[in-house]
Amino acid sequence: MNDRRRLGIRRLVSMAALAVSALLAVSTVAPLSAQAAADGWWHTSGSRIVAADGTTVTIKAANWFGLETPNCAPHGLWSITLDEGLAQIAAMGFNTVRLPYSNQCLAASPTSSIDASRNPDLVSLTPLQLMDAVIAKARAHGLRVILDRHRIESSGQSELWYTSTYSEKRWIDDWVMLANRYRDDPTVVGADLHNEPHGPACWGCGDASRDWQAAATRAGNALLAANPRLLIIVEGVERQNDASTTWWGGGLRDAGAKPVVLATPNRVVYSPHDYPASVYGQPWFSASNYPTNLPSVWDANWGYLARTGVAPVFVGEFGTKLETTSDAQWLKTLVSYLGANGLSFGYWSFNPNSGDTGGLVADDWKTPQTAKLSALAPLLAGGSATPMPSPTESATRTPSPTPTPSPTPTPTSSPTPTSSPTPTSSPTPTSSPTPTSSPTPTSLPSPDSAPVSATWMLQSAWQGGYVAEFSVSASRAVAGWTISWSSPGATQVVNAWGMSCTVASGSITCTGKDWAGALAAGQSVRVGLQVAAASAPVSPRLTVAGKETRVR
């Protein structure tokens, strides 16, 4: 998931010319849609989010992650154009994109995993310029954007809003920079201050080192001093003052008594996250009256804020693979609860490569997940499940997508039984991960006579798992291929893209499938997987085989 190959096409084009075209791309501001122009900036009134003309607004967001990962770019731009993704989000009935980012990416120069043939105007941009481009193109599709400070460093989440190497001041300074950058663009309607405070984070406890309510107040006031028209989105904490625990960022039980009060009124929106039993086995999932008990759980933790008129609620993340009866019950009940209470929401995620939840589109980044969209239909009035063109429907498509993983291992349990997961785009083990940033690919080709060769690239590793990718190339046309390697301690392949994989006796075998199955002569594909394992192999010997296509 770290450094990507530099596409050959980029070497063929003058960097100076690319820089000029990129500057033009991000500096050309598309006009607001008629609806957005009428809505203007949004603010709050009691439990409602309100447009400039006084009408009530419901935020219907899709999360599109990647700008917070080592790629520093929204994922999927190896398979689709930015316009295609945003057009599909809008067609589904969403009106907003929640855009995660990391502070590390804001300061970075390169991005990676963007296909230059699909997105030639994006490949030379810095991550910050790419954020500009996403916002400009979202505007053109009638979508608003909520910026989500998802991570400090791209390798993983932090419990608090600062770390020993990244101060609170820098957190606030980066937010103020963004507030000033988009000060005159109501496309950027909100700032989600910090994703999923958890662990020691408390609400109104008075300890400046971990009091999230106080920190959110400081940051919110700083942002509003730069742009007084922003919505300030404040998530909850994991551990609440009555000793109850819930999802990371999901606990707002104490916000009613100790609200975030900002110098500019009518700006605070509270934002819990909520997930089903397949993501983590919270105790309410095993209650005898499940799922009818869920509304009372939600009401106690955050729903009461809207019901009593304290502030609007935006459920910024919820999602599921929708593979179990329990998950289907959870989603149906949550959709009903959100609709009945008029709450705003952000579905996690548009991306198909979220390990715990999957996405709204299939692995090709085009085919709609119709079962999920049908379940969400009561909230997405007017949306549609229009599939994007398949690769075979466009002669301009290159045949080798380069997917990037978004692993989300099942969270290890913390001292309390309800520690919640991070259903996002990087592993979040209880011990600090040790990502292998900027790995040097270990090329281990198959014998010269073999039609297929592969290169191993370890993307990240942590205590309990790893993510690896392969560049698979065919010298002659093949109908299929397999890769095997030794991975001692491997217990499960959590997620894979472009392959189906099995684990047996400390070895992993993967077979190409879907878009990465049959390969033409000279074709290369980028595939990968997430493995649950005690440790990651560094440079394993690969056994690669290809089934040649016979000409009859």
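One is the number of the first residue; the rest follow in order along the sequence. None of the values given here were measured: they were computed from a predicted structure.
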A.B. asks: Whether K321 and D327 form a salt bridge (side-chain N of Lys/Arg under 4.0 Å from carboxylate O of Asp/Glu) is what I want to check.
C.D. replies: no

A.B. asks: Start with the C-alpha distance between Y162 and W212, add both sets of side-chain angles, then the distance that settles ring-ring contact (aromatic ring centres under 6.0 Å, His included), and finish with yes or no.
C.D. replies: CA-CA 11 Å; Y162 67 94; W212 170 235; over 10 Å; no

A.B. asks: Quick one: side chains of residues 95-102, donor-acceptor pairs under 3.5 Å with protein atoms, not counting sequence neighbours, listed by atom name and distance.
C.D. replies:
residue, atom, partner, partner atom, Å
N95, OD1, K60, N, 2.8
N95, ND2, T58, O, 2.9
R98, NE, D192, OD2, 3.1
R98, NH1, N63, OD1, 2.7
R98, NH1, E317, OE2, 2.9
R98, NH2, D148, OD1, 3.2
R98, NH2, D148, OD2, 3.3
R98, NH2, D192, OD2, 3.1
R98, NH2, N195, OD1, 3.0
R98, NH2, E235, OE2, 3.2
S102, OG, C105, N, 3.0
S102, OG, S154, OG, 2.9

A.B. asks: Can D184 and R229 be counted as an ion pair, charged N to O under 4.0 angstrom?
C.D. replies: yes

A.B. asks: In Å, rounded to the nearest 0.5 Å, how long is the span from OG1 of T367 to CG of L360?
C.D. replies: 13.0 Å

A.B. asks: If you look at every heavy atom in P228 and T264, which pair is closest and at what distance?
C.D. replies: O-CG2, 3.8 Å

A.B. asks: Does the pair H150 and F65 meet the rule for a ring-ring contact (aromatic ring centres under 6.0 Å, His included), with working shown?
C.D. replies: CA-CA 9 Å; H150 209 78; F65 65 77; 8.0 Å; no

A.B. asks: Pair N301, R253 - check side chain to side chain donor-acceptor pair (under 3.5 Å), show working.
C.D. replies: CA-CA 5 Å; N301 286 334; R253 187 170 297 196; 2.7 Å; yes

A.B. asks: When the aromatic ring centroids of W64 and F350 are compared, is their separation below 6.0 Å?
C.D. replies: yes

A.B. asks: Which atom pair, heavy atoms only, marks the closest approach of I152 to W161?
C.D. replies: CD1-O, 3.9 Å

A.B. asks: Among all residues two or more places apart in sequence or in another chain, which pass the side chain to side chain contact (heavy atoms under 4.5 Å, CB included) test with S47?
C.D. replies: A306

A.B. asks: Hey, is E168 close enough to R218 for a salt bridge, meaning N to O under 4.0 Å?
C.D. replies: yes

A.B. asks: May I ask you to check whether D274 and W298 show a side-chain donor-acceptor distance below 3.5 Å?
C.D. replies: yes

A.B. asks: So, Y466 and S487: side-chain donor and acceptor under 3.5 Å apart, yes or no?
C.D. replies: yes

A.B. asks: What pair of heavy atoms forms the shortest contact from G220 to I232, and how long is it?
C.D. replies: CA-CG2, 4.0 Å

A.B. asks: Are F318 and Y347 an aromatic pair by the rule of ring centers under 6.0 Å?
C.D. replies: yes

A.B. asks: Measuring only between side-chain heavy atoms, which start at C-beta, is V335 closer than 4.5 Å to L376?
C.D. replies: yes

A.B. asks: Over all heavy atoms of both residues, which pair between L252 and Q240 is shortest? Give the atoms and the distance, please.
C.D. replies: N-OE1, 3.3 Å

A.B. asks: Heavy atoms, side chains only, cut-off 4.5 Å: are V503 and T491 in contact?
C.D. replies: no

A.B. asks: Taking atom types as modelled, is there a side-chain donor on T320 or W330 under 3.5 Å from an acceptor on the other?
C.D. replies: no

A.B. asks: Give the intermediate values and the outcome of side chain to side chain contact (heavy atoms under 4.5 Å, CB included) for residues V315 and V313.
C.D. replies: CA-CA 6 Å; V315 181; V313 169; 4.2 Å; yes

A.B. asks: Just by distance, no angles: are the side chains of T357 and S354 close enough, under 3.5 Å, to form a donor-acceptor pair?
C.D. replies: yes

A.B. asks: Kindly indicate whether the side chain of W41, heavy atoms from C-beta on, has any atom under 4.5 Å from the side chain of L231.
C.D. replies: no

A.B. asks: Under the side chain to side chain contact (heavy atoms under 4.5 Å, CB included) criterion, do D299 and R307 qualify, and how do the steps go?
C.D. replies: CA-CA 8 Å; D299 202 57; R307 178 174 50 78; 2.9 Å; yes

A.B. asks: Got L86 and L143 here, is their nearest side-chain heavy-atom distance under 4.5 Å?
C.D. replies: yes

A.B. asks: Flag the pair D132 and R181 as a salt bridge only when some basic side-chain nitrogen lies within less than 4.0 angstrom of an acidic carboxylate oxygen.
C.D. replies: yes

A.B. asks: Parallel under 30°, tilted from 30 to 60°, perpendicular over 60°: which one fits the rings of W247 and F285?
C.D. replies: tilted

A.B. asks: Can you tell whether the side chains of R210 and D207 come within less than 4.0 Å, N to carboxylate O?
C.D. replies: yes

A.B. asks: Could you give me the CA-CA distance, side-chain angles and deciding distance for H273 and W248, then say whether side chain to side chain contact (heavy atoms under 4.5 Å, CB included) is met?
C.D. replies: CA-CA 7 Å; H273 294 176; W248 292 359; over 6 Å; no

A.B. asks: Could you verify whether a donor N or O on one side chain and an acceptor N or O on the other, from R48 and T56, lie under 3.5 Å apart?
C.D. replies: yes

A.B. asks: Before you tell me yes or no, could you show the steps for L147 and V188 under side chain to side chain contact (heavy atoms under 4.5 Å, CB included), namely the whole-Å CA-CA distance, both residues' side-chain angles and the distance that decides it to 0.1 Å?
C.D. replies: CA-CA 7 Å; L147 297 179; V188 181; 3.9 Å; yes

A.B. asks: Of all heavy-atom pairs between I59 and S344, which one has the smallest distance, and what is that distance?
C.D. replies: N-OG, 2.8 Å

A.B. asks: Quick test of your reading of the model: are K258 and D254 salt-bridged, counting only N-O distances below 4.0 Å?
C.D. replies: no

A.B. asks: Take Y166 and N103 through the test side chain to side chain donor-acceptor pair (under 3.5 Å) and record every step on the way to the result.
C.D. replies: CA-CA 9 Å; Y166 196 98; N103 297 94; 2.8 Å; yes

A.B. asks: Side-chain contact test, heavy atoms from C-beta onward, threshold under 4.5 Å: evaluate it for P74 versus L130 and give yes or no.
C.D. replies: yes

A.B. asks: Taking all non-hydrogen atoms of both residues into account, name the closest pair between L322 and A328 and its distance.
C.D. replies: CD1-CA, 3.8 Å

